[in-house]
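Here's the structure, in structure tokens; my notes come after.
Position 1 is the first residue of the sequence, and the numbers go up from there. FYI, side chains are in, hydrogens and waters are out, and symmetry mates aren't considered; it's all heavy atoms of this structure.
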Amino acid sequence: MVATKHDEADSTTSPGPAVGVAAPPRWTVLNPAVRGATPADPRYGKIRGHQRAPSGSREFKELTKRDAQVQLQHELDRLLGSAPEAHRALAQGQLDGFARLFDRFLRDEGPSVQWENIERLPENAVCDYNSLVQPSTDLARCMLEKLVVVKLNGGLGTSMGCHGPKSVIPVRSDLTFLDLTVQQIEHLNKTYKANVPLVLMNSFNTDEDTQKIIRKYKGLQVEIYTFNQSCYPRINRDSLLPVPKTCNVNENMDAWYPPGHGDFYYSFLESGLLRRFLEEGREYCFISNIDNLGATVDLNILNFLMDPSSGEPAPEFVMEVTDKTRSDVKGGTLIQYEGKLRLLEIAQVPKEHVDDFKSVKTFKFFNTNNLWMKLDAIKRVLDNNTLNMEVIVNNKSLENGLNIIQLETAVGAAMKCFDGGLGINVPRSRFLPVKKTQDLLLVMSNLYSLQHGSLVMSPERMFPTTPFIKLGDNHFAKVKEFLSRFANIPDLMELDHLTVSGDVTFGKNVSLKGTVIIIANHGDRIDIPSGSVLENKIVSGNMRILDH
């Protein structure tokens, strides 16, 4: 396996992809044979023989599954034939990985979790963050030398009306998610005289733009590596056949998709980075979404993982969870099932138990997707072929009206495959995602200050929780329009709840306190005057302020 590292002295880029994967210019795997299981490989899912039987019977369903598998493999072989010879091995590995995922999709019947078999969480399953001990400076330095930070950077900013990677959206003081992340790692390295590398898992959607941007960080004290997650063909929902006609992604990018962050494990292995970091003596990786501004390296958690004085075996997989609120009822949670901790997502819940799943009393925690894993355990699970994550079926419609499905997996779902899995109940401050402009309003406000790339809640805030904010999609969903509706960001220090709907604008130095609801009905417009103080108010109707 051959790969290339991001080198500060090298600013060249390789050409765009010509096959069904956008290979990263800076860390390119030339021989991903590890992934390339074929139908003849014993690791590849076998299909039992079938006999024809009347429609509606189990035998008929099995037969149709077999036919779907055979037809899909035929189409994948055709796609592979369209790949240039130089990229054939890489395309082969990608398409074989997709074939295995498709095979599991066909075989999955019924819910992956039997509700009545869910067990109560053991007392020691979730550790209280407040019980963790902060390490000394010297110990912290030694521990940091064994850490790798991974940021999931495969998403686009299209849902917020932005082009390119979501990580390049400005979120605070004209700094982007990526800027803040790099600042955090550089400050960590300078403070502790350490060398913690930053690894970005890109997708074919974000890789090219990310490569251009990270050049500006070359003078900083942080080593940056990138690798690409897989690029899989979308499937026609009716025929269950691949949408793309050739392996050239650029020819029809809508026909391909990155298969969720659960693809991290295989892609990390194939990139050569897993082996590299193990050879360097690294022990743990910390993985989080790049749009979670609260997901910083925490030395107390690192000390908990690496403290040799505990006498206990080091946990292989740790999931940061936090207390569930009404904003988090759809988020994944931790359960005990078949004697092991595992992640339960709402998609796995039978319809009759969805209300139980959303209950804060029944399930107190939810997954922040901040994960800590032992690197040698990742390798063992992959080498032993024991990685098993639930298939997520994502139904979508393309712009041309074609109904498609894309098969995905979630990185946290692998928890059950590791030994010594644990949860840590962390403060809410470690979960600060920016999914919508209402989240952007929070992180841009005076609720937070910026310190070395990290957002810190103001001590003037009287409550540990953040306000609940809901902005109307029709007028606030896109970043550009959202920004145009605020002369500057209002004072939110004493805000509990804000709902804004309709054509509403805010003047300068507005202060919002308590519960504020502003509703402009269709055809109406509300201009909140500069200097306004709204405390426990409902504003509705039509109020316009015009220049004369």
Side-chain angles (χ1 to χ4, degrees), residues 129-130 149 151 157 160 162 166-188 191 286 288-301 320 322-323 325-328 331 366 368-370 426-471 476 479 482-500 506-516 528 533-535:
Y129 177 85
N130 294 321
V149 174
K151 291 290 182 178
M160 297 172 69
C162 299
K166 185 177 182 182
S167 59
V168 301
I169 296 175
V171 290
R172 181 87 187 204
S173 304
D174 291 326
L175 297 173
T176 66
F177 292 103
L178 196 50
D179 291 336
L180 296 176
T181 298
V182 172
Q183 283 191 12
Q184 292 167 15
I185 304 299
E186 187 195 32
H187 176 67
L188 195 68
T191 301
F286 170 50
S288 62
N289 298 333
I290 199 162
D291 63 2
N292 179 6
L293 296 174
T296 59
V297 173
D298 188 284
L299 296 178
N300 294 7
I301 296 178
E320 292 185 35
T322 193
D323 293 338
T325 71
R326 57 180 174 167
S327 302
D328 318 307
F366 83 97
T368 65
N369 216 38
N370 300 345
V426 298
R428 184 75 183 197
S429 58
R430 291 193 56 75
F431 184 67
L432 194 59
V434 179
K435 304 296 184 184
K436 296 184 176 182
T437 54
Q438 56 207 35
D439 304 317
L440 201 56
L441 179 63
L442 276 177
V443 300
M444 294 176 72
S445 75
N446 61 337
L447 285 172
Y448 295 95
S449 61
L450 192 60
Q451 298 178 12
H452 308 295
S454 298
L455 290 180
V456 179
M457 183 173 282
S458 169
E460 295 181 23
R461 173 74 174 174
M462 301 296 292
F463 323 104
T465 57
T466 55
F468 180 82
I469 297 179
K470 176 64 177 176
L471 302 179
F476 289 87
V479 171
F482 158 81
L483 292 174
S484 72
R485 293 186 171 274
F486 295 92
N488 62 6
I489 302 300
D491 174 0
L492 307 184
M493 196 63 69
E494 298 180 40
L495 179 69
D496 296 324
H497 179 121
L498 173 66
T499 294
V500 182
F506 293 79
K508 292 182 178 180
N509 303 321
V510 173
S511 180
L512 306 174
K513 302 180 179 183
T515 297
V516 178
I528 303 299
V533 177
L534 301 180
E535 182 172 4

Kindly indicate, with the supporting measurements, whether the criterion side chain to side chain contact (heavy atoms under 4.5 Å, CB included) is fulfilled by Leu498 and Leu441. CA-CA 11 Å; Leu498 173 66; Leu441 179 63; 4.1 Å; yes
Show your reasoning for whether side chain to side chain contact (heavy atoms under 4.5 Å, CB included) applies to Met444 and Leu483. CA-CA 11 Å; Met444 294 176 72; Leu483 292 174; 3.8 Å; yes
Please assess Phe366 against Thr322 for the test side chain to side chain contact (heavy atoms under 4.5 Å, CB included), listing each intermediate value before the final yes or no. CA-CA 6 Å; Phe366 83 97; Thr322 193; 3.2 Å; yes
Under the side chain to side chain contact (heavy atoms under 4.5 Å, CB included) criterion, do Val500 and Arg485 qualify, and how do the steps go? CA-CA 11 Å; Val500 182; Arg485 293 186 171 274; over 6 Å; no
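Under the 3.5 Å distance criterion, the side-chain polar atoms of Glu535 are left unmatched by any main-chain donor or acceptor of Lys513. The backbone N or O of Leu442 sits less than 3.5 Å from a side-chain atom of Ser445, completing a donor-acceptor pair. Judged by distance alone, with hydrogens and angles left aside, the side-chain atoms of Gln438 form a donor-acceptor pair with the main-chain N or O of Leu471 at under 3.5 Å. At least one donor-acceptor pair closer than 3.5 Å links the side chain of Thr437 to the backbone N or O of Phe476. Ser167 places no side-chain N or O within 3.5 Å of a backbone atom of Leu178 that could act as its donor or acceptor partner. A side-chain donor-acceptor contact under 3.5 Å links Asn446 to the backbone of Leu492.
Shown here for Leu440 and Met160, the closest heavy-atom pair between the two residues is CD2-CE, 4.2 Å. Between Met493 and Leu447, the shortest heavy-atom contact is CA-CD2, 3.9 Å.
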Contacts under 3.5 angstrom, residues 288-295 side chains, donor-acceptor by atom type, not counting sequence neighbours:
{"from": "Ser288", "atom 1": "OG", "to": "Lys151", "atom 2": "NZ", "distance (Å)": "2.8"}
{"from": "Asn289", "atom 1": "OD1", "to": "Asn369", "atom 2": "ND2", "distance (Å)": "3.1"}
{"from": "Asp291", "atom 1": "OD1", "to": "Lys435", "atom 2": "NZ", "distance (Å)": "3.4"}
{"from": "Asp291", "atom 1": "OD2", "to": "Lys166", "atom 2": "NZ", "distance (Å)": "2.8"}
{"from": "Asp291", "atom 1": "OD2", "to": "Lys435", "atom 2": "NZ", "distance (Å)": "2.9"}
{"from": "Asn292", "atom 1": "OD1", "to": "Gly294", "atom 2": "N", "distance (Å)": "3.1"}
{"from": "Asn292", "atom 1": "OD1", "to": "Leu432", "atom 2": "N", "distance (Å)": "2.7"}
{"from": "Asn292", "atom 1": "ND2", "to": "Asn370", "atom 2": "OD1", "distance (Å)": "3.1"}
{"from": "Asn292", "atom 1": "ND2", "to": "Arg430", "atom 2": "O", "distance (Å)": "3.3"}

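By the 30° and 60° cut-offs, the orientation of the rings of Phe506 relative to Phe486 is parallel.
For residues 170-182, every residue pair satisfying the side-chain hydrogen bond (donor to acceptor under 3.5 Å, both in side chains) rule, not counting sequence neighbours, is listed here: Thr176-Asp179, Asp179-Lys216, Asp179-Tyr217.
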